[in-house]
Amino acid sequence: MPASPSGPVTSRTRSWWGWGYTDAHPDDAECVALGALLPGTPGRPLPVPRVADLSIGRPGVTPPTALAHLVTTDPGVRAAHAMGKAYRDVIRALRGRPGRIPDLVARPTDDREVADLLDWAGGRGVAVIPFGGGSSVVGGVEYRGDAHRAVLSLDLTSMDRVLEVDTVSRSARIQSGALGPVLEAQLRPHGLTLRHFPQSFEFSTLGGWLATRAGGHYATGRTHIDDFVQSLSVVTPAGPGTSWRLPASGAGPSPDRLFLGSEGALGIITEAWMRLQERPHHKASASVAFADFQQALEAVRAIARSDLSPANCRLLDPGEALLSGASHDGSSVLVLGFESATSPVDDRLASALDLALAHGGRGAPGGRGGLGGTPAADGGAPADTAVSAWRSAFLRMPYLRDGLARMGAVVETFETAATWDRVPSLIDAVRTEVSSVASKATGHPATVNCRLTHVYPDGAAPYFTVAVAGRPGDEVRIWDDIKAAASEVLHRYRATITHHHAVGRDHRPGYDLQRPDPFALALRAAKDALDPHRILNPGVLID
């Protein structure tokens, strides 16, 4: 059956250089207040950068008449497509050095137009960088180098329709350029949801989630976008292809797996059939405090191994809890949340709390509430104070990072995953070694905080935040040193270079060490076969 034709429309202005909306950025006074938290930051913030101050050259190539209506050379649009939203990107924009700005930005509306743009680019030696919401934090949507005569940013957000909803099979055919809110608005009239809510939900697309194997907000069970894929449609320079729509298959290597996580290096994902779920009606959440972080880890491991399947199971270390306002007494805080479309979840929450308390946790269950600020549908009270504080801080944190960047601070985040036997020592090593490198590089004390974002029966995904006052004009080099130190620790502990942020260009060294050599050989062969002119997102995954 057909879906509703469009999603929500907002008149708010997206920032070309930083996270999210311009009206949500910290003002100068808030930036100064943030800087006061890090010893060594200057007393005044860097000015908000202007496109007019950038040196943007004339395009190095002209599209053919048949494609000209899809393409713009507007300087503001080009600047907004030059980079993602990593700290490295933000500070370069603030310093007026955003890197290679694309010559053209194209917005195709269907598969045929995507194919035509790829055909033209391949014949002219033009690099094509796929672009969705532009929220990449790993250098995944920028061009580095000079091997191509020009760069085309392929913006897919005009392909944003839910084309078909199958309520019998509970799935939908969705164009890849649909931003999170646009997608969910079109599913809502059917009482269905994709239930994939990364922190970048407002500013990322289905295609971006698929191409990066994104992880969602939910801490257990199906959280990676891979779990929701029935079928993919992909346009490559060698031709288009669509996998069969199936609940499962054992017929050889999965064709979908070739493109999931390929980051636009092998083809452009244009549509997908996605598994949906009924919208939840029953929700409950609570927090538990721990005086000992190691006991908190044991509590989380016990909950992950149970059959309770919490939607949220976030463990915040004392620094992270303080930063979010969830705790002010040096405690670690575990945030728990449950939801269901069919039955109350209070008993599951109570069982999880019993496990937490048995491992040294303390505190009352608090009230019942929904994740993401949604009131509980079963009439419960709002979630407890710690849960509410964490939720607000979670959504606000990227904006605060940009405020700190304006104060010359170096703020890096990275995430990983490892088996439970290595998680405690991995966290300790990252805290010790990365903070040492950051302090030596800047001459200022560094803060390294940790939280667990996703948990599994056999392991967990620690997420680290590094903050330190930088040196004016030297922030990118310091960021690179911190990234290199963190990657070395992850490799030593055989922890993945990324759990859900993708590889991009920033994680390439770690990814090259992690993947087996025969797989790298097969990946290069696939690149040669599908992208013979080597125009698709050069430098991502393979050279």
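Index from 1, following the sequence.
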Exercise for review: Compute the ring centroids of Y463 and H501, then answer whether they are less than 6.0 Å apart.
Suggested key: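 Centroid separation for Y463 and H501: below 6.0 Å.
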
Review point. With ring centroids as reference points, do Y21 and Y399 lie under 6.0 angstrom apart?
Key: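 Centroid distance Y21-Y399: not below 6.0 Å, so no.
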
Does a side-chain heavy-atom distance below 4.5 Å link [X] with [Y]?
X    : Y    : value
L206 : L194 : yes
F197 : T223 : no
R431 : I427 : yes

Exercise: identify the closest heavy-atom pair between [X] and [Y]:
X    : Y    : answer
G140 : V540 : O-CG2, 4.4 Å
A486 : V434 : CA-CG2, 3.9 Å
Y87  : R401 : N-NH1, 3.4 Å
R515 : I542 : NH1-CG2, 3.5 Å
P39  : A469 : O-CB, 3.2 Å
A352 : I303 : O-CD1, 3.8 Å

With distance as the sole test, does [X] use its side chain to make a donor-acceptor pair with the main-chain N or O of [Y] at under 3.5 Å?
X    : Y    : value
K85  : P398 : no
N537 : I129 : no
D89  : A86  : yes
W209 : G215 : no

We want to know whether [X] and [Y] form a side-chain donor-acceptor pair, criterion being a heavy-atom distance below 3.5 angstrom.
X    : Y    : result
T498 : E415 : yes
T22  : R12  : no
D155 : H81  : yes

Exercise for review: Test R406 against every option in P45, P26, P49 by the side chain to side chain contact (heavy atoms under 4.5 Å, CB included) rule and name the one that passes.
Suggested key: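 The single option meeting the side chain to side chain contact (heavy atoms under 4.5 Å, CB included) with R406 is P45.
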
Review point. When you measure from the centre of the six-membered ring of F201, is the NZ or CZ of R195 under 6.0 Å away and within 45° of the axis?
Key: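 No; the conditions do not both hold, so R195 does not lie above the ring face of F201.
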
Exercise for review: For E412 and K483, run salt bridge (charged side-chain N to carboxylate O under 4.0 Å, His left out): C-alpha distance rounded to whole Å, both residues' side-chain angles, the deciding distance at 0.1 Å, then the answer.
Suggested key: CA-CA 8 Å; E412 165 66 328; K483 175 68 75 173; 2.8 Å; yes

Point to revise | Other residues, nucleotides, ligands: >12 heavy atoms within 6.0 Å of R494 CZ | key: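 No, not enclosed.
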
Check your understanding: Would D103 and R100 satisfy salt bridge (charged side-chain N to carboxylate O under 4.0 Å, His left out), going step by step from the backbone distance to the final call?
Key -> CA-CA 9 Å; D103 298 80; R100 175 72 178 268; 3.5 Å; yes

Exercise for review: Check the pair Q514, T496 against side chain to side chain donor-acceptor pair (under 3.5 Å), reporting the backbone distance first and the verdict last.
Suggested key: CA-CA 7 Å; Q514 181 175 328; T496 182; 3.2 Å; yes

Point to revise | Result of checking H217, H499, H196 against H224 for ring pair (Phe, Tyr, Trp, His ring centres under 6.0 Å) | key: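 For H224, the ring pair (Phe, Tyr, Trp, His ring centres under 6.0 Å) check succeeds only for H499.
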
Review point. Where does the angle between the aromatic ring planes of Y143 and H148 fall among parallel (under 30°), tilted (30 to 60°) and perpendicular (over 60°)?
Key: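 The rings of Y143 and H148 stand perpendicular, inter-plane angle above 60°.
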
Practice item. Considering only NZ, NE, NH1 and NH2 on the basic side and carboxylate oxygens on the acidic side, decide whether R396 and E30 come within less than 4.0 Å. Key: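 Here R396 pairs with E30 in a salt bridge, since their nearest N and O are under 4.0 Å apart.
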
Practice item. Quick one: do W19 and F203 satisfy ring-ring contact (aromatic ring centres under 6.0 Å, His included)? Show the steps, please. Key: CA-CA 9 Å; W19 186 263; F203 312 114; 5.7 Å; yes

